[in-house]
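Report on the following structure.
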Amino acid sequence: MLNIEELLHNQISTAIKAVYNIKEVNSKMIQIQRTRKEFDGDFTVVVFPLLRLSKKRPEQTAEELGEYLKNYEHIENYNVIKGFLNLTITKQFWFNALQSIQKAENFGFTPPTADAPKIVIEYSSPNTNKPLHLGHIRNNLLGYSIAEILKAAGKNIVKVNLINDRGIHICKTMLAWEKWGDGKTPKDLNIKGDHYVGSLYVRFESEYKKEISKLIEEGNEKEFAQKNAPLMLQAQEMLRQWEAGNKETRQLWEMMNGWVYAGFDVTYKALGVNFDKVYYESNTYKKGRNVVLDSVAHRYNWLTQRADKSIWADLTSDRLDEKILLRSDGTSVYMTQDIGTAIERYKDFDFDEHIYVVGNEQDYHFKVLAIVLKRLGYDWAKRLNHLSYGMVELPQGKMKSREGKVVDADHLIEEMIETARKTSLELGKLDELSNDQANEVFRKVALGALKYFILRVDPKRKMLFNPEESIDFNGNTGPFIQYTYVRILSMLRKAENETNELSVEMFNLLNKSELGLIQQIYRFRETIAEAAENHSPATIANYVYELTKEYNQFYHDCPVLKEENADLRNFRIALSRTCAQTIKKATGLLGMEVPEKM
RNA sequence: GGAUCCAUAGCUCAGCUGGAUAGAGCAACAGCCUUCUAAGCUGUAGGUCCCAGGUUCGAAUCCUGGUGGAUUCACCA
């Protein structure tokens, strides 16, 4: 199906050439936009940029072009207001467009081909010492949704997760378990493994704090106390044991990581996200260190080893600071690990683009990562792309895990489901459903509300989350969209003898709300392209909200099943069905599910 | 102090990459269920698009300089 805006663009170009006797027209001069609601027409040509060619007043230029264009088969008529030429597209065009959409295999989606760009998306990337919280929810939903959107735009997608499963923080929780765990497993205590481990980490931190205070009371400096508290020394010893491959340490580590992964899996499943491949830092952290060590031998002038053996990258010529890559004791820092992981990834997938979905507090880190890799001679470093998103803040301010000021992901999901249950039961529309079916509806509505709430805002902006007020079920929300879908399905169930064949003769009957709805459905494909281009689920969220509003308008204005003209009735049923399918596909791009009843 | 990001209605957010009189939802107020699911629809009210310059026929949008907020610049991850 041809794109109407492209068709118009070409026609306008032809018109300018013909009317003003010009050979070439710069395509940037031709500006087409949707006509604003308060004016008549579907598309508007802004003629101001064309005045240089026409050498006439705006109104006259618009008038002359309109006269020429009205002979074009898809243009019904035109009107001119100031420097704006409003074009009305024929009803027949929109009618045919709807028919093509219905016939299309999977309208809006571009099937990926083998040679389409390959994009690796890393998201989630949790630490194994904390359960997932609200910030991770934004990360996971963004990562998953962007992957779906890029897939729909015809890209080959690999979703990967990188688990930070080594380092001093892991040793802290291991030590805590040895000291205070009493040999208990999550199963013994009947709690999720990630929550159990998270609580051990918190325990460590509070005991560690006590030791620090005590040392300071005994007259030590703060810094000395932090470095020499017995718990810290023991944790560091444990890290050395781990690095040395001590069997007992490794076993404990594997057991506790197993608890955490089991817990994460439950949360991931609840959120509906998944991965094609999971990387563990414990497998890749040495890689980066070797790369850095090898590179020092190359004698890059920006890479230097100091007297204490630590290795530094001097990035001041890129207007950044000096960055440490290897500590004086030879161990690697976060940056070093990411260097190794990136190289590994490139070997694994030979990607055209690599997207890191990581919060904006790491903007600097990813800027440095790309520069260092480029300087090390990896040309593909320019394909690394940091999708930086803003933090989720609470009314009290930033979330702080150490102070317990977090919104736990599992807890939040449970609460949302409970709210959805209450709301549903009050409305009492699910009486004929079994318990299991009803629970499925509650779950879909709850997660739909959460996902839509988070994804509708531009990723790069920070967002405010008020647990009491944020999750609404009315207005511009996930449930509003789901509800529109449910009403359509309910209607379609009642529609009997529906035919898929539409009478070709009836397009003149179409009214404004029907045309508006067709046009919004028609925009789905270009919206996917735009969302993919901008890596922005918010674009899809806004689109589907507009679509449902458009449908509600239509639903309000036009009887469907009660329409007496059979051609028109069939048309409206078909239009409703196509709209429902589009809602389902669009919400699917956000990771939302739509219930059949609610 | 340097760098990056943000600032739009009382609140939460859109604003199609420079176009017409800046839009939604929530909250407030007034209506619409004997009618395809009222988690819906219609209306009223609500704005110095942070400020000041600049570019342009035209700026919430681009540039410069301020102001306010967030993040970051660790031998933390």
Side-chain angles (χ1 to χ4, degrees), chain A residues 31 33-39 44 46 48-49 51 58 81-84 86 125 127 129 164 166-169 281 306 308-312 319-329 331-335 337-338 359-365 367-368 388 390-391 393 398 420 423-424 426-427 429 445 449 453 456-458 460-466 469-470 472-484 486-495 523 526-527 530 534 538-539 541-543 545-546 548-549 552-553 555-563 572-573 576 597-598:
Chain A
Q31 291 184 26
Q33 52 194 252
R34 278 159 61 191
T35 302
R36 297 182 62 125
K37 276 228 159 77
E38 57 267 37
F39 301 104
T44 296
V46 184
F48 292 107
L51 301 183
I81 297 171
K82 294 194 265 181
F84 299 91
N86 300 321
S125 311
N127 284 348
N129 59 337
N164 182 356
R166 62 163 291 280
I168 190 74
H169 52 289
E281 271 187 7
R306 293 185 181 170
D308 65 358
K309 301 276 189 196
S310 61
I311 296 176
W312 293 77
R319 297 171 54 104
L320 298 171
D321 297 298
E322 287 185 274
K323 181 81 198 171
I324 188 159
L325 295 183
L326 276 186
R327 297 190 187 103
S328 49
D329 65 0
T331 57
S332 50
V333 294
Y334 185 37
M335 183 62 66
Q337 296 172 22
D338 266 2
N360 62 9
E361 70 268 20
Q362 292 192 32
D363 286 355
Y364 180 77
H365 172 80
K367 200 181 272 182
V368 171
S388 156
M391 281 183 303
E393 291 182 1
K398 249 190 99 170
T423 310
S424 287
E426 272 169 29
L427 293 166
K429 292 176 185 172
V445 170
F453 179 80
R456 62 180 264 251
V457 345
D458 182 348
K460 70 170 180 283
R461 284 174 59 126
K462 69 174 183 207
M463 61 181 295
L464 187 77
F465 184 87
N466 185 332
E469 296 167 17
S470 286
D472 214 318
F473 291 75
N474 302 306
N476 186 356
T477 64
F480 167 83
I481 289 156
Q482 291 169 321
Y483 179 72
T484 306
V486 163
R487 278 209 305 203
I488 298 174
L489 285 208
S490 166
M491 201 174 66
L492 292 177
R493 278 193 292 269
K494 288 179 187 163
R523 275 177 215 122
E526 62 205 62
T527 304
E530 189 192 327
N534 298 332
T539 304
N542 288 323
Y543 167 81
Y545 177 61
E546 290 299 324
T548 46
K549 278 217 304 191
N552 284 331
Q553 183 77 51
Y555 184 86
H556 183 258
D557 293 348
C558 308
V560 179
L561 301 176
K562 288 177 183 159
E563 171 57 46
R572 286 177 179 168
I573 290 169
S576 297
K597 293 178 180 173
M598 68 186 274

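Throughout, protein chains are lettered first and strands after them, A, B, ... in sequence-line order, and every chain is numbered starting at 1.
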Inset, instruction - Could you check whether the rings of A:F465 and A:F453 sit parallel, tilted or perpendicular, using 30° and 60° as the cut-offs? - result: perpendicular
Taking any heavy-atom pair under 4.0 Å as a contact, classify [X]: base, sugar-phosphate, or nothing.
X: A:L464; answer: sugar-phosphate
X: A:Y334; answer: base
X: A:Q337; answer: nothing
X: A:S424; answer: base

Legend entry - Cation over ring face, A:R487 and A:Y555, 6.0 Å, 45°: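 Verdict for A:Y555: a cation-pi partner in A:R487.
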Nearest whole Å is fine: how far is [N] [atom2] from [X] [atom1]?
X: A:I168; N: B:A74; atom1: CD1; atom2: C1'; value: 16 Å
X: A:E361; N: B:U71; atom1: CD; atom2: P; value: 9 Å
X: A:K367; N: B:C73; atom1: NZ; atom2: P; value: 13 Å
X: A:D472; N: B:C11; atom1: CG; atom2: C1'; value: 12 Å
X: A:K462; N: B:C13; atom1: NZ; atom2: P; value: 9 Å
X: A:I481; N: B:G25; atom1: CD1; atom2: C1'; value: 11 Å
X: A:N474; N: B:U42; atom1: CG; atom2: C1'; value: 16 Å
X: A:D363; N: B:G2; atom1: CG; atom2: P; value: 19 Å

Inset, instruction - Run the ring-centre check on A:F480 versus A:Y545 and record whether the distance is less than 6.0 Å. - result: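 Yes, close enough.
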Inset, instruction - Only counting residues at least two apart or in another chain, list the ones meeting salt bridge (charged side-chain N to carboxylate O under 4.0 Å, His left out) with A:R319. - result: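 Testing A:R319 for salt bridge (charged side-chain N to carboxylate O under 4.0 Å, His left out), a comparison that skips the adjacent residues, returns none.
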Inset, instruction - Could you summarise the pairing of RNA chain B as dot-bracket text, marking Watson-Crick and G-U pairs under 3.5 Å with ( ) or [ ] inside the strand and | across strands? - result: (((((((..((((.....[...)))).(((((.......))))).....(((((..]....))))))))))))....
Sort me out a list of protein N/O and nucleotides 15-22 of chain B N/O pairs below 3.5 Å, or just none if empty.
unit_1	atom_1	unit_2	atom_2	d
B:U17	O4	A:N534	OD1	3.2
B:G19	N7	A:Q31	OE1	2.9
B:A20	OP2	A:R36	NH1	2.7
B:A20	N6	A:T44	OG1	2.7
B:A20	N6	A:N86	OD1	3.1
B:A20	N1	A:N86	OD1	3.4

Inset, instruction - Encode nucleotides 31-37 of chain B as B, S and - characters from 5' to 3', where the letter depends on protein heavy atoms closer than 4.0 Å: B to the base, S only to sugar-phosphate, - to neither. - result: ----SBB
Report, one pair per line, the protein and nucleotides 7-10 of chain B atoms (nitrogen or oxygen only) whose separation is under 3.5 Å.
unit_1	atom_1	unit_2	atom_2	d
B:A7	OP1	A:R461	NH1	3.1

Legend entry - Distance below 4.0 Å between A:N360 side-chain N/O and B:C5 OP1 or OP2: no
Inset, instruction - Would you kindly compare A:E546 and A:S332 by the position of their nearest RNA chain B nucleotide and give the one closer to the 5′ end? - result: A:E546
Inset, instruction - Taking side chain to side chain donor-acceptor pair (under 3.5 Å) as the test, write out the residues that go with A:Q553, two or more places apart. - result: A:D557
Inset, instruction - Give the nucleotide from the list B:A24, B:C5, B:A3 with an atom nearest to the side chain of A:R319. - result: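 Nearest nucleotide to the side chain: B:A3.
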